[in-house]
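As a basis for the values below, the full set of heavy atoms in this structure was taken, side chains included, without hydrogen atoms, waters or symmetry mates. Numbers for residues simply follow the sequence, beginning at 1.
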Amino acid sequence: SSLAFGAEHLHLYMLLNCESVKDISRHGLTESSAASVASFANVLMHGYDDFETSPKVAELAILIANRMQSKFSETQPLNTANYNVLGWVRPFSSCIKYHERAYKSGIVSGNLNGAAVGKWFGLQNKLFSSCITLPELEVEFRDGVAEMLKNSQQFVGGMATIVWQLILNLIGKSGNPNTTVLSGEATDGNPELSQVKMLPALLYGPWESIAFLFFGDFEAGAEDAMKRGDVFPTMAPGMMF
């Protein structure tokens, strides 16, 4: 289902997750069950617009993760349940502790991808919740991206640089006269991330839309939204952009 999610095949993603939850009823709980339930909560919220049931299912996923006590396997349900579901109905700041837990669990268990995603989601939530200053957050992004690259997580690191560049723009350190253009030290300065601009539109484009919003360029933002048209509903359900 993760491949279907990234490839923007919304209906296939929904089908695979529904089948995954059926497997739990057939075979009982396993270490991967919490991830299946968390993804199913995402399907309920963003595939079926069920904002009443989905948070309860996301909470169930966290409870299952607690019960299974697998640090390696809990990273995905903790990240998905909070970023894709609970973050839509609760303060962003309330989800940060779960992403930090996912990060720590991933590091100690060797699930470096889960750790990197937890770090990335947690930093995004700090941006959206304004719980620390932008200069402080820029340092955390700088250190976080460096760690991701050290741990061979170039893909997540590439996604994180996009947000890092946005923060550099917001604090006036973009080195770019057009502050809504996500280009500068973060996205252009690291040879390991030279392909960052070639990331799928679902990862790069939406942050340009957020830049229009943060800098008050609403006319450009409206044109951007019209250009994307019906693409947004099929893009990575539950992502905050």
Any non-hydrogen side-chain atom of [X] less than 4.5 Å from a side-chain atom of [Y]?
X: N169; Y: T180; value: no
X: V163; Y: L127; value: yes
X: C131; Y: I96; value: yes
X: S105; Y: F72; value: no
X: N113; Y: F155; value: no
X: W88; Y: H46; value: yes
X: N79; Y: W120; value: no
X: S36; Y: D23; value: no

Within the distance-only criterion (no hydrogens, no angle test), does the side chain of [X] pair as donor or acceptor with the backbone N or O of [Y] below 3.5 angstrom?
X: S94; Y: R90; result: no
X: S70; Y: S73; result: yes
X: Q165; Y: A186; result: yes
X: S33; Y: T30; result: yes
X: N151; Y: Q153; result: no
X: S54; Y: D50; result: yes
X: E136; Y: T133; result: yes

Can you tell me if [atom1] on [X] sees more than 12 non-hydrogen neighbours from other groups inside 6.0 Å?
X: K71; atom1: NZ; answer: no
X: F51; atom1: CZ; answer: yes
X: F141; atom1: CZ; answer: yes

Closest non-hydrogen atom pair between [X] and [Y], with its separation:
X: M45; Y: N84; answer: SD-O, 4.0 Å
X: A102; Y: G118; answer: CB-CA, 4.5 Å
X: A116; Y: M148; answer: O-CE, 3.7 Å
X: A38; Y: V85; answer: O-CG2, 4.4 Å
X: A41; Y: A58; answer: CB-N, 3.6 Å

Mind checking the [atom1]-[atom2] spacing from [X] to [Y]? Nearest 0.5 Å is all I need.
X: L168; Y: L182; atom1: CG; atom2: CG; value: 10.5 Å
X: L86; Y: T80; atom1: CG; atom2: OG1; value: 11.0 Å
X: I167; Y: L137; atom1: CD1; atom2: CG; value: 4.0 Å
X: E208; Y: S183; atom1: CD; atom2: OG; value: 10.0 Å
X: L134; Y: K126; atom1: CG; atom2: NZ; value: 13.0 Å
X: Y48; Y: C18; atom1: OH; atom2: SG; value: 5.0 Å

According to a hydrophobic-cluster definition based on side-chain heavy atoms being under 4.5 Å apart (Ile, Leu, Val, Met, Phe, Trp, Tyr only), do [X] and [Y] belong together?
X: F121; Y: L112; result: no
X: L78; Y: L63; result: no
X: I210; Y: W164; result: yes
X: L29; Y: F40; result: yes
X: F214; Y: I171; result: yes

Under a plain distance cut-off of 3.5 Å, with no hydrogens placed, do [Y] and [X] share a side-chain donor-acceptor pair?
X: S39; Y: N42; result: no
X: Y98; Y: E74; result: no
X: S93; Y: S129; result: no
X: S209; Y: D224; result: yes
X: N111; Y: T75; result: yes

Q: Start with the C-alpha distance between I132 and E140, add both sets of side-chain angles, then the distance that settles side-chain contact (heavy atoms from CB on, under 4.5 Å), and finish with yes or no.
A: CA-CA 10 Å; I132 62 175; E140 290 197 22; 3.6 Å; yes

Q) When P55 is tested against each of L60, L44, V89 for side chain to side chain contact (heavy atoms under 4.5 Å, CB included), which residue passes? A)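 It is V89, the one option of L60, L44, V89 that forms the side chain to side chain contact (heavy atoms under 4.5 Å, CB included) with P55.
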
Q. Any ion pair linking E19 and K22 (charged N to carboxylate O, less than 4.0 Å)?
A.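 Salt bridge between K22 and E19, a charged N being under 4.0 Å from a carboxylate O: yes.
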
Q | NZ/NE/NH1/NH2 to OD/OE distance under 4.0 Å, E185 and R142 | A |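 Yes, E185 and R142 are salt-bridged.
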
Q. Should the ring pair H99 and Y83 be called parallel, tilted or perpendicular, given that the plane angle runs from 0 to 90° and is split at 30 and 60?
A.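 Rings of H99 and Y83: perpendicular, over 60°.
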
